[in-house]
Each structure stands twice: as C-alpha cells, then as structure tokens.
Amino acid sequence: MSKVIDGKHVSTIIRERIKKETADILANTGKKPMLAVIIVGEDPASLSYVRSKKKFAAEVGFDSETIQLPDTATEADILAHIDTFNQNPAVSGILVQLPLPKHIDEQKVISTIAVEKDVDGFHPEQVGGLSIGLNTLEPCTPAGIIELLHHYDIPVSGKHAVVIGRSNIVGKPIASLLLRLNATVTITHSRTAHLADITRQADILIVAIGKPHFLTADMVKTGAVVIDVGINRTEGGKLVGDVDDEGVFEKAAYLTPVPGGVGPMTIAMLLANTLKAFKRQSFA
Ligand code: NDP
C-alpha cells in the first residue's frame, strides 16, 4: 500500500519560506518581487490557473499585474505587452498563460520574454541551459516533482526513472532533472512499443499524458514511486489524474494524489522562480 505524497502540505511549507524571505527583503531593501501575467482568451481552466497564481503571489507578499486580452488579440499585441514588461525594471517575472489561441506562434511569444524574467522556464535559452546543467529558472511542474522527491527522501541516484510523455513543459524537462540527479531515465510516448514492459521496470514512474486513469496497476512494479502529473476532468466534473489511483495505490510505495499532489507544487515553484529572478535582477 502506498504512502501518499502530500503536495498540498509541501507546497505550503515552500510558500511559507518564500513569504518569510520576501518580508525580510522588503524590510531590508524596500523592494519586493513582481509577477506579470498575460492571459489571452476566456478558457475557464486558464482563467482559474491565473486566479490562483495571483492569489498565491499576493499571499507571499509579491506584487502582481495581469493583462487580460481577448482571443482575437494579435501576436503583435501580445509581443508589445511582453516588451513593456521586459523593459520595466519593477517586473521580476513574466508569465504568458498557455495554451495560446491557434493564430499565435507560441514559440515566438515565449522567445520574446526576457530570459532573466522567464519564470516558467520555457525560453529556448533556459531549455538549453537546463539540459547542460546550468543554474536556470527550471520549469515549475518538473521542479515541483523534484522537490516532492527530496521532501520524502526518495532516492533518485541509480534508480530507473520512466517518464510517460515527452512534452516541452513536463516530460522532457523532468527527464533532464532526473538525469542530473543520476537516475537512469527512459522517456516514453504515444509511439512507444510495449509500454507496460518498460513501465514495469520503473523505480520512479512519472505519468504526464493527459489521459484519465491511463496507468493501471498491472503497469507498475511493486514498490515503485508513482508521480501523477495528469489533470483531467471527468464528464461529472471530477478532477482525476493519469493514474488509476485505486489499483496503483495498493502496489506502489508512494503515490501523488490528484488533486493535491503535483498541482499545488507547480504554483509554489512559480513563486520560487519569481523570487529567484527578482534576487538575481536586484542583487546579482
Ligand atoms: P501534452 O499533451 O503536451 O503531451 C502529452 C504527452 O503524452 C505526449 O508526449 C504524448 O506522446 C504522450 N502520450 C499521449 N498518449 C499516450 C499514450 N497512450 N502512451 C504513451 N504516451 C502518450 O501534455 P502535457 O505534458 O502538457 O500535460 C500532460 C498532463 O499533465 C495533462 O493532463 C496536463 O493537464 C497535466 N499537467 C499538469 C500540470 C500540473 O501542474 N499538475 C502542469 C502541466 C500539465 P506524443 O509526443 O507521441 O504525442
């Protein structure tokens, strides 16, 4: 039977730490971090993520500003707002909520954000830096997963980590971070043959595909650590992960719940990146 990895609890500890450090910096320097957010369109999930990010930014003592654009906004509109934030020394971090409407070139938008303010860690320069082991602003969800493994003293070095999913925001960067921690990493995806044969070899299994209850107990080795990144809404409106949690719970050593596992860590790491970016810009 698994131990539950409580992301809600760990994220609270991280946010408390950020809040204290922010208050100390403010008391000593009169300065505080500021997070600028751009959201395009009315996607309910994106709006809800942005509301949470603003709420938690305020809670730890950051300033924040949100620009909300209609889904008819042009690429030039978005780039102009990014440019204004890039030039504004009071802005420590810039986040463009993804996904963007289809007529916008997402990579161009991401690449326009000043590297030092790219708190999502998606800029090509940061992606390259991550893969060669530089001290970058790491993508928030993968960084949050690593924090969870550390918090629960789960050994990574020498372990076989299998990642299901190869997206730029989760699969590839978590593979880089696990490799840096000396795991032996296998990345799998929708064309992977004999997936279950590979997942059954995993000591650490990261599932990030966006398919409700995809990973079943027969795909998991007894005693594995299973990290469920998926966020899926059922027809009844319930949030479920990519892992068939009831079955897998009996077999795994550790399992992250959905909700309350990886999700809260993503926001905590966004705040951590904003503070890190602020300190580099203000005091480096
Ligand atoms: P993407 O849709 O960008 O990528 C999905 C990946 O899953 C692709 O690499 C795809 O393979 C792979 N895949 C799809 N079907 C299968 C299959 N049957 N077998 C093996 N691999 C498969 O998703 P994201 O990485 O953006 O997100 C994944 C999930 O994580 C979503 O539910 C998302 O909502 C959630 N998420 C949660 C976050 C959090 O904070 N908790 C943050 C970010 C995402 P291929 O490349 O071959 O198409």
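The basis for the numbers below is simple: all heavy atoms, side chains too, and nothing from hydrogens, waters or symmetry mates. Numbering of ligands and ligand atoms starts at 1, following listing order.
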[X]: heavy atom below 4.0 Å from ligand 1, yes or no?
{"X": "Gly171", "value": "no"}
{"X": "Ile169", "value": "yes"}
{"X": "Thr188", "value": "no"}

Checklist line | Intermediate values then yes/no, side chain to side chain contact (heavy atoms under 4.5 Å, CB included), Leu178 and Ile206 | finding: CA-CA 10 Å; Leu178 289 164; Ile206 315 280; 4.1 Å; yes
Could you identify the single nearest non-hydrogen protein atom to [atom] and state the distance to 0.1 Å?
{"atom": "atom 19 (N) of ligand 1", "answer": "Phe214 CZ, 3.7 Å"}
{"atom": "atom 35 (C) of ligand 1", "answer": "Val229 O, 3.4 Å"}
{"atom": "atom 2 (O) of ligand 1", "answer": "Ile209 O, 4.5 Å"}
{"atom": "atom 43 (C) of ligand 1", "answer": "Val170 CG2, 3.8 Å"}
{"atom": "atom 29 (C) of ligand 1", "answer": "Gly210 N, 3.5 Å"}
{"atom": "atom 40 (O) of ligand 1", "answer": "Thr266 OG1, 2.7 Å"}
{"atom": "atom 9 (O) of ligand 1", "answer": "Arg166 N, 2.8 Å"}

Note to self: Test your reading of the model: is there a side-chain donor-acceptor pair from Glu106 to the backbone of Pro99, 3.5 Å cut-off?
What the structure shows: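 No.
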Margin query: Test your reading of the model: is there a side-chain donor-acceptor pair from Gln126 to the backbone of Asp118, 3.5 Å cut-off?
Written below: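 Side chain of Gln126 to backbone of Asp118, a donor-acceptor pair under 3.5 Å: yes, one is there.
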Check: Is there a protein heavy atom less than 4.0 Å away from atom 15 (N) of ligand 1?
Finding: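 Flag for atom 15 (N) of ligand 1 set to true, protein heavy atom closer than 4.0 Å.
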Notebook entry, point to check: Is the shortest distance from atom 27 (O) of ligand 1 to a protein heavy atom below 4.0 Å?
Noted result: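 Within 4.0 Å: no protein heavy atom nearby.
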Next item on the list: Please say whether more than 12 non-hydrogen atoms of neighbouring residues, nucleotides or ligands are located less than 6.0 Å from CD in Glu59.
Entry: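 Yes - once you tally the heavy atoms of other residues, nucleotides and ligands closer than 6.0 Å, there are more than 12.
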Note to self: Just checking Lys172: does its NZ atom have more than 12 heavy atoms from other residues, nucleotides or ligands closer to it than 6.0 angstrom?
What the structure shows: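 More than 12 heavy atoms, drawn from other residues, nucleotides or ligands, come within 6.0 Å of this atom.
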Heavy-atom pairs closer than 4.0 Å: do any link ligand 1 to the side chain of [X], the backbone, both, or neither?
{"X": "Thr141", "result": "side chain"}
{"X": "Asn232", "result": "side chain"}
{"X": "Ile164", "result": "side chain"}

Check: Short list, please: which atoms of ligand 1 are under 4.0 Å from a heavy atom of Gly263?
Finding: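 In order of number, 40 (O), 41 (N).
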To the nearest 0.5 Å, what is the distance between [atom1] ([X]) and [atom2] ([Y])?
{"X": "Arg15", "Y": "Met269", "atom1": "CZ", "atom2": "CE", "answer": "12.5 Å"}
{"X": "Lys53", "Y": "Thr274", "atom1": "NZ", "atom2": "OG1", "answer": "10.0 Å"}
{"X": "His103", "Y": "Thr74", "atom1": "NE2", "atom2": "OG1", "answer": "7.0 Å"}

Margin query: Ile231 versus ligand 1: do any nitrogen or oxygen atoms come within less than 3.5 Å of each other?
Written below: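 In this structure, Ile231 places an N or O atom under 3.5 Å from an N or O of ligand 1.
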Note to self: Out of Ser167, Gly241, Ser190, who is nearest to atom 4 (O) of ligand 1 when you count heavy atoms only?
What the structure shows: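 Of the listed residues, Ser167 has the closest heavy atom.
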Next item on the list: Could you pull out, from Arg191, His189, Met265, the option with a heavy atom nearest to atom 20 (C) of ligand 1?
Entry: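 Nearest heavy atom to atom 20 (C) of ligand 1 lies in His189.
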Margin query: Can a side-chain donor-acceptor contact be found between Asn273 and Lys117 if the only test is distance below 3.5 angstrom?
Written below: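 Not at all, the side chains of Lys117 and Asn273 share no donor-acceptor pair under 3.5 Å.
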Note to self: If only side-chain N and O atoms count, and only distance matters, is there a donor-acceptor pair under 3.5 Å linking His160 with Thr186?
What the structure shows: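 A pair is found: one side chain offers a donor N or O, the other an acceptor, under 3.5 Å apart.
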Margin query: Just so I know, are the side chains of Phe85 and Ile67 near enough to count as touching, which here means a heavy-atom distance under 4.5 Å?
Written below: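 Yes, their side chains come closer than 4.5 Å.
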Item checked: Close side-chain approach of Leu100 and Val109, heavy atoms under 4.5 Å ->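 Yes. Closest side-chain heavy atoms under 4.5 Å.
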